[in-house]
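Proteins come first, then strands; the chains are lettered A, B, ... in the order of their sequence lines, and each starts at number 1. None of these values were measured; they are calculated from a predicted model.
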Protein chains: 2
Amino acid sequence: MAPTLQARVARLLRSMIESGELAPGDDVPSEAEISRAHEVSRVTVRGALRQLEAEGLIESGQGRKRRVRKIHQYDHHAVFAESPDRPEGTDSFVSEATSAGLSASTDFEMRIEVPPEFVARRLRVKSDELVVVRDVLRFIGNEPFSQQTSYYPRSLAEELGFDSPGDIKPGTTRVLSENGYRETGTFDEIVSRMPSPAESERLVIGAGTPLMILTRTAVSGRTITRLTQTKFPADRHRILYEIGNYEDVAIDVEEK
Amino acid sequence: MAPTLQARVARLLRSMIESGELAPGDDVPSEAEISRAHEVSRVTVRGALRQLEAEGLIESGQGRKRRVRKIHQYDHHAVFAESPDRPEGTDSFVSEATSAGLSASTDFEMRIEVPPEFVARRLRVKSDELVVVRDVLRFIGNEPFSQQTSYYPRSLAEELGFDSPGDIKPGTTRVLSENGYRETGTFDEIVSRMPSPAESERLVIGAGTPLMILTRTAVSGRTITRLTQTKFPADRHRILYEIGNYEDVAIDVEEK
DNA sequence: CGAAATTTGTGCGTATGTATA
DNA sequence: TTATACATACGCACAAATTTC
């Protein structure tokens with residue numbers, strides 16, 4: 001069977017991107033140009049471009065020229081990211097970003113609410129029991145970077161005194177650790193899916209880029225201390241797990 | 001600003017899905033029906049449906065009715081999946097699947113080739129040096145499940161005798177382990193992106209579902225023993241990391 | 001800085017092809 | 001085989017945002 005017109009146009013543009021003829025950041029030819037050059041209707045051209053956008057290769061917006069998407073790459077070191085053994089008052093996020101010469105900031109919010117069903121299940125609290133929620137939206141410059149929501153059993157938060165809306169700045173794992181709840185185990189779940197419109201807006205996610213969602217349930221001895229769910233726009237993030245001893249060999253992991 | 005027509009239609013259908021009025025597996029009303037009911041053109045309806053498809057909420061295909069997507073969920077236990085301490089001749093995949101009453105199978109292929117650049121870098125071999133490649137495509141029933149490619153330094157493969165195209169069935173980590181290369185450390189990278197057309201075809205991935213890619217570099221003492229890259233269609237997979245001791249509390253992690 | 005040109009987004013109509021039911 | 005439903009493809013017009021002058 002012959003490939004369709006729009007498939008042919010898409011393949012042509014795709015190969016231009018993959019070969020580097022169209023480099024990240026470059027303008028993609030306009031709909032009109034492609035239409036004229038290949039003598040196809042604008043509908044056909046849009047069909048082709050839509051495919052490339054869905055593949056995450058290009059980005060577009062009303063009035064803007066289409067561009068070949070460029071991808072940065074931030075690393076989330078899952079094993080160490082929330083370690084209590086780091087300088088006071090810093091997130092792993094802020095320290096990693098500033099050391100790379102980037103301006104990082106966070107929006108912080110705290111509230112007490114009835115937990116979503118899946119949170120209640122993992123924290124083993126009754127579904128009508130309240131939990132303390134800490135919400136962090138992280139930025140690099142003006143760009144949203146990740147969004148994180150943590151849930152704590154209310155009893156635990158009360159015991160350690162972070163149940164008041166007065167906010168305790170970064171370092172809840174540290175507070176837990178210093179009060180006899182050092183984490184002894186973590187259970188991480190990683191899934192990926194396309195963002196909802198609300199998530200797209202909040203995290204400024206273009207079409208064709210998925211969300212990675214890391215859900216960590218942490219344990220101290222026999223106590224479940226927290227559930228933290230982090231949403232990462234997948235075009236800017238990589239999640240790393242360094243396990244065991246690999247330091248003798250220094251694995252080289254730049255890019256891709 | 002007033003939302004556009006297609007945005008309104010999309011929002012309406014989305015809320016029907018989220019509320020459960022349209023359940024997973026249900027037929028979505030046809031383009032013609034929606035067009036008549038809301039008195040909008042078919043182009044507008046298609047615009048709305050395309051958004052929902054890009055969000056991964058519905059699936060479509062020429063001639064078929066659109067359906068609300070249903071998602072299974074298979075768990076990849078990253079820490080234990082490739083442990084050498086499992087019964088001979090099984091992968092974690094086959095054993096987990098068959099114990100759940102599912103028919104699992106694999107397509108296996110072995111070859112020797114010049115490694116991609118990122119593989120050479122991680123394995124620390126010269127980019128013109130050959131590596132042994134083992135390729136596995138896993139199925140549940142007739143449905144592709146995941147695709148995995150492993151790379152081994154040729155010298156190591158020769159030493160352990162799995163460098164001939166004669167194929168060694170599952171259990172390379174076991175062979176390594178039994179010959180003095182028990183893994184002492186792993187370095188995992190997890191990224192997510194939309195699949196290329198080739199990947200979509202091979203793994204049968206519908207529009208609106210991302211790929212999760214897990215790249216593991218394994219180390220035994222001072223030797224880098226392998227690089228394994230696994231591609232998971234994100235609608236059917238969850239990657240889990242169980243770290244430390246959490247067994248006293250048995251975290252409840254069904255669904256979502 | 002403001003106006004004009006460009007570019008993409010939305011929206012209508014119509015027709016034909018093709019896979020599925 | 002027939003009917004249905006989606007995919008592709010053409011034409012046109014205007015709106016909205018950005019880019020360029």
Side-chain angles (χ1 to χ4, degrees), chain A residues 1-14 17 22 25-69 142 197 200-201 204-209, chain B residues 1-14 22 25-69 142 197 200-201 204-208:
Chain A
M1 52 211 148
T4 62
L5 250 184
Q6 65 176 256
R8 287 173 52 82
V9 175
R11 204 178 49 200
L12 200 132
L13 291 165
R14 192 184 296 110
I17 293 171
L22 282 175
D26 281 4
D27 289 352
V28 175
S30 76
E31 295 176 4
E33 280 180 84
I34 301 173
S35 176
R36 276 195 303 274
H38 296 50
E39 295 188 310
V40 292
S41 78
R42 198 179 150 214
V43 176
T44 306
V45 174
R46 284 178 67 79
L49 291 167
R50 188 172 56 240
Q51 288 179 31
L52 301 189
E53 195 176 348
E55 289 165 28
L57 295 179
I58 63 176
E59 57 191 16
S60 67
Q62 200 168 24
R64 297 205 333 269
K65 293 178 181 171
R66 265 180 258 255
R67 295 247 173 79
V68 179
R69 182 169 286 172
N142 290 319
S200 290
E201 193 184 16
V204 189
I205 303 176
T209 67
Chain B
M1 51 209 152
T4 61
L5 250 183
Q6 64 176 254
R8 287 173 52 81
V9 175
R11 203 176 53 199
L12 201 132
L13 290 165
R14 192 183 297 112
L22 282 175
D26 281 4
D27 289 352
V28 176
S30 76
E31 295 178 4
E33 280 180 83
I34 301 173
S35 177
R36 274 196 303 274
H38 296 35
E39 296 186 312
V40 293
S41 80
R42 208 186 135 206
V43 176
T44 306
V45 174
R46 283 178 66 79
L49 291 168
R50 191 171 53 238
Q51 288 179 31
L52 300 189
E53 195 176 346
E55 289 165 28
L57 294 179
I58 63 176
E59 57 192 15
S60 68
Q62 201 166 13
R64 288 192 355 256
K65 293 178 183 171
R66 265 178 256 255
R67 295 246 173 80
V68 179
R69 182 169 286 172
N142 290 319
S200 290
E201 193 184 16
V204 190
I205 303 176

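Using a 4.0 Å cutoff on non-hydrogen atoms, the parts of residues 58-66 of chain B near DNA chain D are B/S60, B/G61, B/Q62, B/G63, B/R64, B/R66, ordered by number. Non-hydrogen atoms lying under 4.0 Å from DNA chain D are contributed by A/V43, A/T44, all within residues 43-54 of chain A. At a non-hydrogen distance threshold of 4.0 Å, nothing from residues 29-38 of chain B comes into contact with DNA chain C.
Contact annotation: side chain of B/R42 to base of D/dA7, donor-acceptor pair present below 3.5 Å.
Taking atom CZ of A/R8 as the reference point, atom P of D/dT8 lies 15 Å away to the nearest angstrom. Separating the CG atom of B/L5 from the C1' atom of D/dA16 is a distance of 16 Å, rounded to the nearest angstrom.
Between the CD1 atom of B/I34 and the CG atom of B/L12 there is a distance of 9.0 Å, given to the nearest 0.5 Å. Considering CG of B/L5 and NE2 of B/H38, their distance stands at 10.0 Å, rounded to 0.5 Å.
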Exercise. Please lay out, stage by stage, how A/I58 and A/E53 fare under the test side-chain contact (heavy atoms from CB on, under 4.5 Å).
Key: CA-CA 5 Å; A/I58 63 176; A/E53 195 176 348; 4.2 Å; yes
Quiz item: Could you go step by step and tell me if A/R67 and A/E59 meet the salt bridge (Lys or Arg N to Asp or Glu O under 4.0 Å) rule?
Solution: CA-CA 6 Å; A/R67 295 247 173 79; A/E59 57 191 16; 5.4 Å; no
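The side chain of A/S41 sits closest to D/dC10 out of C/dG11, D/dC10, C/dT8.
A donor-acceptor pair is defined here as one N or O able to donate and one able to accept, closer than 3.5 Å; no such pair exists between the side chain of B/T44 and the backbone of B/Q6. No side-chain donor-acceptor contact under 3.5 Å links A/S60 to the backbone of A/R66.
Scanning for side chain to side chain contact (heavy atoms under 4.5 Å, CB included) contacts around B/L22 gives B/M16, B/I17, B/D26, B/P29, B/V68, with sequence neighbours left out. Among residues two or more places apart in sequence or in another chain, the side chain to side chain contact (heavy atoms under 4.5 Å, CB included) test is passed with A/R14 by A/A10, A/R11, A/E18, A/Q51, A/L52, A/E55, A/L57, B/P197. In this structure B/R50 satisfies the side chain to side chain donor-acceptor pair (under 3.5 Å) test with no other residue, sequence neighbours excluded.
The shortest side-chain heavy-atom distance between B/L13 and B/L49 falls under the 4.5 Å cut-off.
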